[in-house]
Amino acid sequence: LVVIGILIALSINNWNTKENERELEIKYLNQIKSSLENSKLNLTERLDRNKGILKSGELLLEHLKDKKPLNDTITRLFIIPKYDHSIKLSTAAFENLKNDGLSLISNDSLKIAIIDIYEQEITLIQNTFANQMENYNTTIVDPFYNKHFELDTKTIKPLFIPNNYEDLLQNREMKNMLSSINGLRFYSIDLYEFVIEKIRKIIIKVENEIKILEE
């Protein structure tokens, strides 16, 4: 009877442990789902913004290549190269999961997908790519603008006024810089679209796993 009692107690203890682990897994999966939904929303907003910026950047480059006269519309577009690529995506839920143990996620394929999206694509977007663009702006764009433009802050949005527009039209560095920035914008659009779709698929997997665990 003592042995049977011990076995029953152990069985109950194991059941309680598994139940606690299951509830903890559901909790973390819900946090990951919420985090990914926020990241998807932020990326979608930045994607739409970048598409508009790229369109304006292409218009500015075409205007300069065609050596068209300066007008108010184009003057407002000179701010385009100064826009940054920084974006803040939440990783707190993933960091909490790592601290408590990724082994809490019982579905191995889902666990790999979660690790991959945070440590690969999200890291690439908000660290590697953003840092590269910040470095490009600091070393190339800012010095060029400090030399060739005057900043007007008396308007609602800051304006960059060319010191000598005719000279700027002949300046190959300006056109090359715009081409590079437009190319980086185009790359960011492709990258964001890819990551948004990947996040969408992972969210579906997380939702399905939560349903299975809650049954």
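As the structure is a computational prediction, the values presented were derived from the model and not from experiment.
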Trainee: Do Tyr192 and Tyr187 belong to the same hydrophobic cluster, where Ile, Leu, Val, Met, Phe, Trp and Tyr are linked whenever their side-chain heavy atoms lie under 4.5 Å apart, directly or via other members?
Mentor: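 In one cluster with Tyr192: Tyr187, yes.
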
Trainee: Examine Leu41 and Leu36 and state if one hydrophobic cluster contains both, with Ile, Leu, Val, Met, Phe, Trp and Tyr joined whenever side-chain heavy atoms are less than 4.5 Å apart.
Mentor: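 No; tracing contacts between hydrophobic side chains, which count when under 4.5 Å, never links both residues.
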
Trainee: Please check if the side chain of Ser39 supplies one atom and the backbone of Leu89 the other of a donor-acceptor pair under 3.5 Å.
Mentor: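 No.
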
Trainee: Report the residue from Ile125, Asn38, Leu191, Asp48 that forms a side chain to side chain contact (heavy atoms under 4.5 Å, CB included) with Leu43.
Mentor: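 Result for side chain to side chain contact (heavy atoms under 4.5 Å, CB included) with Leu43: Ile125.
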
Trainee: If you round to the nearest 0.5 Å, how far is CD1 of Ile87 from CG of Asn127?
Mentor: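 Those atoms lie 12.0 Å apart.
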
Trainee: Going by heavy atoms in the side chains, are Asp167 and Gln170 under 4.5 Å from each other?
Mentor: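 Asp167 does not reach Gln170 side chain to side chain.
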
Trainee: With distance as the sole test, does Asp66 use its side chain to make a donor-acceptor pair with the main-chain N or O of Lys68 at under 3.5 Å?
Mentor: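 Between the backbone of Lys68 and the side chain of Asp66 there is no qualifying donor-acceptor contact (under 3.5 Å).
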
Trainee: Is it true that Lys40 and Glu197 make a salt bridge, defined as a side-chain N closer than 4.0 Å to a carboxylate O?
Mentor: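 A salt bridge is absent here (no side-chain N lies under 4.0 Å from a carboxylate O).
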
Trainee: Would you say Arg185's side chain and Gly57's backbone share a donor-acceptor pair under 3.5 angstrom?
Mentor: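 Not confirmed, Arg185 side chain does not pair with Gly57 backbone.
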
Trainee: How long is the gap from NZ on Lys111 to CD1 on Ile115, to the nearest 0.5 Å?
Mentor: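 It comes to 6.5 Å.
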
Trainee: Using 0.5 Å steps for rounding, measure from the CD1 atom of Ile189 to the CZ atom of Arg49.
Mentor: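 So the gap between those two atoms works out to 11.5 Å.
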
Trainee: Can you check whether Ile26's main-chain N or O pairs, donor with acceptor, with Asn30's side chain at less than 3.5 Å?
Mentor: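 Looks like yes, one N/O pair under 3.5 Å.
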
Trainee: Taking the side chain as every heavy atom from C-beta outward, state whether Val195 and Ile117 have any pair of such atoms under 4.5 Å apart.
Mentor: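 Heavy-atom side-chain distance check passes, below 4.5 Å.
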
Trainee: If you round to the nearest 0.5 Å, how far is NZ of Lys175 from CG of Asn182?
Mentor: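 Nearest 0.5 Å value for the CG-NZ distance: 13.5 Å.
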
Trainee: Please name the pair of heavy atoms, one in Ile202 and one in Ile114, separated by the smallest distance, quoted to 0.1 Å.
Mentor: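 Closest pair (atom of Ile202, atom of Ile114, distance): CG2-CG1, 4.4 Å.
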
Trainee: Are Ile196 and Ile204 connected in the hydrophobic side-chain network, where two residues link if heavy atoms are under 4.5 Å apart?
Mentor: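 No, because Ile196 and Ile204 fall into different hydrophobic clusters, even though each may have its own neighbours under 4.5 Å.
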
Trainee: Quick check: do Phe94 and Ile122 have side-chain heavy atoms less than 4.5 Å from each other?
Mentor: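 No; the side chains remain at least 4.5 Å from each other.
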
Trainee: Say you draw a straight line from CG of Leu61 to NE2 of His63; how long is it, rounded to the nearest 0.5 Å?
Mentor: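 With rounding to 0.5 Å, CG (Leu61) is 11.5 Å from NE2 (His63).
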
Trainee: If you apply the rule side-chain contact (heavy atoms from CB on, under 4.5 Å), what do you find for Thr123 with Tyr118, and how did you get there?
Mentor: CA-CA 6 Å; Thr123 297; Tyr118 278 100; 6.0 Å; no

Trainee: Looking at Glu95 and Lys98, is any side-chain nitrogen of the basic one under 4.0 Å from a carboxylate oxygen of the acidic one?
Mentor: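 Yes, this pair counts.
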
Trainee: Given Tyr165 and Leu64, is the side-chain contact (heavy atoms from CB on, under 4.5 Å) satisfied, shown in steps?
Mentor: CA-CA 10 Å; Tyr165 181 67; Leu64 295 178; 4.0 Å; yes

Trainee: Closer than 3.5 angstrom, by distance alone: can the side chain of Arg76 be matched with the main-chain N or O of Leu159 as a donor-acceptor pair?
Mentor: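 Not at all, since once roles are kept as given, no pair shorter than 3.5 Å links the two residues.
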
Trainee: Say whether Ile112 and Leu110 are linked into one hydrophobic cluster, either directly or through other cluster members, by side-chain heavy-atom distances under 4.5 angstrom.
Mentor: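 No, Ile112 and Leu110 fall in different hydrophobic clusters.
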
Trainee: Can you get from Met133 to Phe194 by hopping between Ile, Leu, Val, Met, Phe, Trp and Tyr side chains that sit under 4.5 Å apart?
Mentor: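 As far as the 4.5 Å side-chain criterion goes, Phe194 and Met133 are connected within one cluster.
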
Trainee: First locate atom CD of Glu37, then atom CD1 of Ile199, and finally report the distance between them rounded to the nearest 0.5 Å.
Mentor: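 The CD1 atom of Ile199 is 10.5 Å from CD of Glu37, to the nearest 0.5 Å.
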
Trainee: Consider only side-chain N and O atoms of Asn42 and Thr44, and report whether a donor and an acceptor are under 3.5 Å apart.
Mentor: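 No, because no side-chain N or O of Asn42 sits under 3.5 Å from a partner of the opposite role on Thr44.
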
Trainee: Do Glu134 and Ser86 have side chains that approach each other closer than 4.5 Å (heavy atoms only, starting at C-beta)?
Mentor: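 Of all side-chain heavy-atom pairs linking Ser86 with Glu134, none is under 4.5 Å.
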
Trainee: Please test Asp116 against Lys198 for side-chain contact (heavy atoms from CB on, under 4.5 Å), starting from the C-alpha separation and ending with a verdict.
Mentor: CA-CA 10 Å; Asp116 185 60; Lys198 192 168 183 177; 2.4 Å; yes

Trainee: Quick one, Lys33 and Leu29 - any side-chain contact, counting heavy atoms below 4.5 Å?
Mentor: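 Counting from C-beta outward, Lys33 and Leu29 never come under 4.5 Å.
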
Trainee: side-chain hydrogen bond (donor to acceptor under 3.5 Å, both in side chains) for Ser188 and Asn50? Distances and angles first, verdict last.
Mentor: CA-CA 8 Å; Ser188 72; Asn50 274 6; 2.9 Å; yes

Trainee: Are Ile105 and Ile32 packed together at the side-chain level, in the sense that at least one heavy-atom pair is separated by less than 4.5 angstrom?
Mentor: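 Not in contact.
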
Trainee: Does the side chain of Thr91 come within less than 4.5 Å of Ser35's, by heavy atoms?
Mentor: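 Side-chain contact under 4.5 Å: no.
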
Trainee: Give the C-alpha distance, both sets of side-chain angles, the deciding distance and a yes or no for side-chain contact (heavy atoms from CB on, under 4.5 Å) between Glu209 and Ser106.
Mentor: CA-CA 10 Å; Glu209 188 66 16; Ser106 56; 4.0 Å; yes

Trainee: Show which side-chain atoms of residues 139-152 pair as donor or acceptor with protein atoms under 3.5 Å away, not counting sequence neighbours.
Mentor:
residue: Thr139; atom: OG1; partner: Asn135; partner atom: O; Å: 2.7
residue: Asp142; atom: OD1; partner: Lys82; partner atom: NZ; Å: 2.6
residue: Tyr145; atom: OH; partner: Phe78; partner atom: O; Å: 2.6
residue: Asn146; atom: ND2; partner: Asp142; partner atom: O; Å: 3.2
residue: Asp152; atom: OD1; partner: Lys154; partner atom: N; Å: 3.0

